[in-house]
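In what follows, every chain begins at residue 1, and chains take the letters A, B, ... in the order their sequences are listed.
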Amino acid sequence: MDLLLQLVRWEVLIFLGALASLIVYQLLNGRINTQYLLYGRTSAANGRDENGNLYFSPERVQLLAATIGAALYYVMQTTETAKTGQLPDIPSGWPALMGGSNAIYLVGKAYARWFANRSK
Amino acid sequence: MLLTPLHILTLVAGYLICAMIAVLGFVVLREMYNGNIDLSKLISEPNGDASMSRFQFLVFTFVIAFSLFLVVVATLTSTDPRFPIVPTTVLTLLGISGSSYLVSKGIQFSDPAGLVPPGAGITITPVKAMIRYGQTQQFKADVPRQPGSAVHWAVIVPVTGGGDIDQNGLYTAPSPPATPAGQPYPILRATIQATSDAFPDAYDVAVVSIS
């Protein structure tokens, strides 16, 4: 039975590692499209500028930073508390922080889509 | 330790399931690597732009998967194995991410421009037509990113003598040219262009053959 457990452990580790590596590799070499990840678009109804209504979006940058920060923090917490047999709890302020970050992103997106006129 | 038939059956089933999952995982990874499973739009919106909400979902999915794996592995030899307890705050965080994704889709789907690639500016139908001299042909133009928006129509080739088109897309072929008796009329090809007022650099053309 121990051999089977070891086998399952390595199988899952290799699969998850390979899958993550493959996705990161394809994100970095451009096979997975990341074009305009940090850009938003205003509505077509507001006219069109030379960039096709594209604008650089600070709300997306802050959401990206918050997402990566929360992810790294959680993985570090997990490595420290894995032996307890449960996923680590996160500080009560984190949901509020991520909620706020997502809200900023959504408000920015809604404003751009419905109200902003960035055409020149 | 003496193995009972039930133990042996359990072990065999375990190894078989393990092998099946390994083969399945290998095939999936190989197909992803070869591009047969297309990941190119993994975090893309319908209009082709990469999506921050989808990227966040992707990151959190991997974080939770790795965390679950670490916890399960750390307690794998336990005599009382059970699924790890997921704290409420983690579920809340995932709920926030999921809700944000849904609201983001709602905002995007509220605007046609969010669903159509920027290149899809305007489309004329029909793209080809055959009519007689003096007859009319109705053309239609669709602007997917802003349905119902105004369109400018013009006969661009030939500039003169190619007929007329009004701003509703109704094309009227020119009168028949004078030809020697018994000779058929020459075939005239006119090119119709529709330009979107909302997207001035977006246009499409149609060709009408007049005989």
**Study point:** Pair B:Ile21-A:Phe15, side chain to side chain contact (heavy atoms under 4.5 Å, CB included): steps then yes or no
**Key:** CA-CA 10 Å; B:Ile21 293 174; A:Phe15 179 75; over 6 Å; no
Counting only pairs under 3.5 Å, give me each side-chain donor-acceptor contact of residues 204-211 of chain B, with atom names and distances, residues two or more places apart or in other chains.
residue, atom, partner, partner atom, Å
B:Asp204, OD2, B:Ile124, N, 2.9

Exercise for review: Mind ranking B:Leu29, B:Thr89, B:Ile64 by heavy-atom pairs under 4.5 Å with chain A and telling me who comes out on top?
Suggested key: B:Thr89
Exercise for review: Please look at A:Ile23 and chain B and tell me whether the side chain, the backbone, both or neither of the residue comes under 4.5 angstrom of a heavy atom of that chain.
Suggested key: side chain
Check your understanding: How many angstroms lie between CD1 in B:Ile107 and OH in A:Tyr111, if you round to the nearest 0.5 Å?
Key -> 14.0 Å
Exercise for review: Under 4.5 Å, counting heavy-atom pairs only, tell me which of B:Ala22, B:Ser51, B:Cys18, B:Ser149 racks up the most with chain A.
Suggested key: B:Cys18
Check your understanding: Can you name the closest pair of heavy atoms from B:Ser44 and A:Asn33 and give their distance?
Key -> OG-ND2, 2.9 Å
Check your understanding: Does any heavy atom of chain B fall under 4.5 Å from the side chain of A:Leu97, the backbone, both, or neither of them?
Key -> neither
Check your understanding: Considering residues at least two apart in sequence or located in another chain, which fulfil the side-chain hydrogen bond (donor to acceptor under 3.5 Å, both in side chains) criterion with A:Gln62?
Key -> A:Ser101
Practice item. Under 4.5 Å, heavy atom to heavy atom: which of residues 94-103 of chain B reach chain A? Give them by number, or say none. Key: B:Ile96, B:Ser100, B:Val103
Check your understanding: What part of A:Tyr39 lies closer than 4.5 angstrom to a heavy atom of chain B: side chain, backbone, both or neither?
Key -> neither
Exercise for review: Calculate, to the nearest 0.5 Å, the distance between atoms CG and OG belonging to A:Asn102 and B:Ser53 respectively.
Suggested key: 7.0 Å
Exercise for review: Heavy-atom pairs under 4.5 Å with chain B are the metric here; pick the option from A:Ala20, A:Gly17, A:Ala18 that has the most.
Suggested key: A:Ala20
Study note, to complete from the structure: Value for CG (B:Leu93) from CD1 (A:Ile90), rounded to nearest 0.5 Å, stands at 4.5 Å
Review point. Only one of B:Val90, B:Thr88, B:Thr92 forms a side-chain contact (heavy atoms from CB on, under 4.5 Å) with A:Pro95, so which one is it?
Key: B:Thr92
Revision key, fill the gap. Per-residue tally against chain B (heavy atom, under 4.5 Å) across A:Tyr74, A:Tyr25, A:Trp94 peaks at A:Tyr74
Study note, to complete from the structure: In short, A:Leu16 meets B:Ala65 closest at the heavy-atom pair CD1-O, 4.0 Å
Review point. Just how far is it from atom CZ of B:Phe57 to atom OG1 of A:Thr67, taken to the nearest 0.5 Å?
Key: 11.5 Å
Exercise for review: Test side chain to side chain contact (heavy atoms under 4.5 Å, CB included) on B:Phe66 and A:Thr78 and set out the steps.
Suggested key: CA-CA 9 Å; B:Phe66 269 113; A:Thr78 306; over 6 Å; no
Study note, to complete from the structure: Given A:Leu19, A:Val8, A:Val75, the one with more heavy-atom pairs under 4.5 angstrom with chain B than any other is A:Leu19
Check your understanding: Residues of residues 31-43 of chain B under 4.5 Å from chain A (heavy atom pairs)?
Key -> B:Met32, B:Tyr33, B:Asn34, B:Gly35, B:Leu39, B:Ser40, B:Leu42, B:Ile43
Check your understanding: If you take all heavy atoms of A:Pro88 and B:Pro87, which pair is closest and at what distance?
Key -> O-CG, 3.5 Å
Check your understanding: Side chain, backbone, both or neither: which part of A:Leu22 has a non-hydrogen atom closer than 4.5 Å to chain B?
Key -> side chain
Check your understanding: Top residue by heavy-atom pair count (under 4.5 Å) with chain B, among A:Thr34, A:Val12, A:Leu13?
Key -> A:Leu13
Check your understanding: Is there a side-chain contact between A:Leu63 and B:Gln56 (heavy atoms, below 4.5 Å)?
Key -> yes
**Study point:** CG (B:Asp164) with more than 12 external heavy atoms under 6.0 Å
**Key:** no
Exercise for review: Apply side chain to side chain contact (heavy atoms under 4.5 Å, CB included) to the pair B:Met52 and A:Leu37, showing each step before the final yes or no.
Suggested key: CA-CA 6 Å; B:Met52 199 62 227; A:Leu37 183 66; 4.2 Å; yes
Check your understanding: Looking at side-chain heavy atoms only, is the closest gap between B:Phe55 and A:Leu64 below 4.5 Å?
Key -> yes
Check your understanding: Would you find more than 12 non-hydrogen atoms of other residues, nucleotides or ligands less than 6.0 Å from B:Tyr203 atom OH?
Key -> no
**Study point:** Stepwise side chain to side chain contact (heavy atoms under 4.5 Å, CB included) test for A:Met98 and B:Phe60
**Key:** CA-CA 12 Å; A:Met98 288 305 295; B:Phe60 283 170; 3.7 Å; yes
Check your understanding: Can you tell which of A:Gln35, A:Gln26, A:Arg31, A:Arg60 has the highest number of heavy-atom pairs within less than 4.5 Å of chain B?
Key -> A:Arg31
Check your understanding: Of all heavy-atom pairs between A:Gln86 and B:Pro84, which one has the smallest distance, and what is that distance?
Key -> CA-CB, 4.3 Å
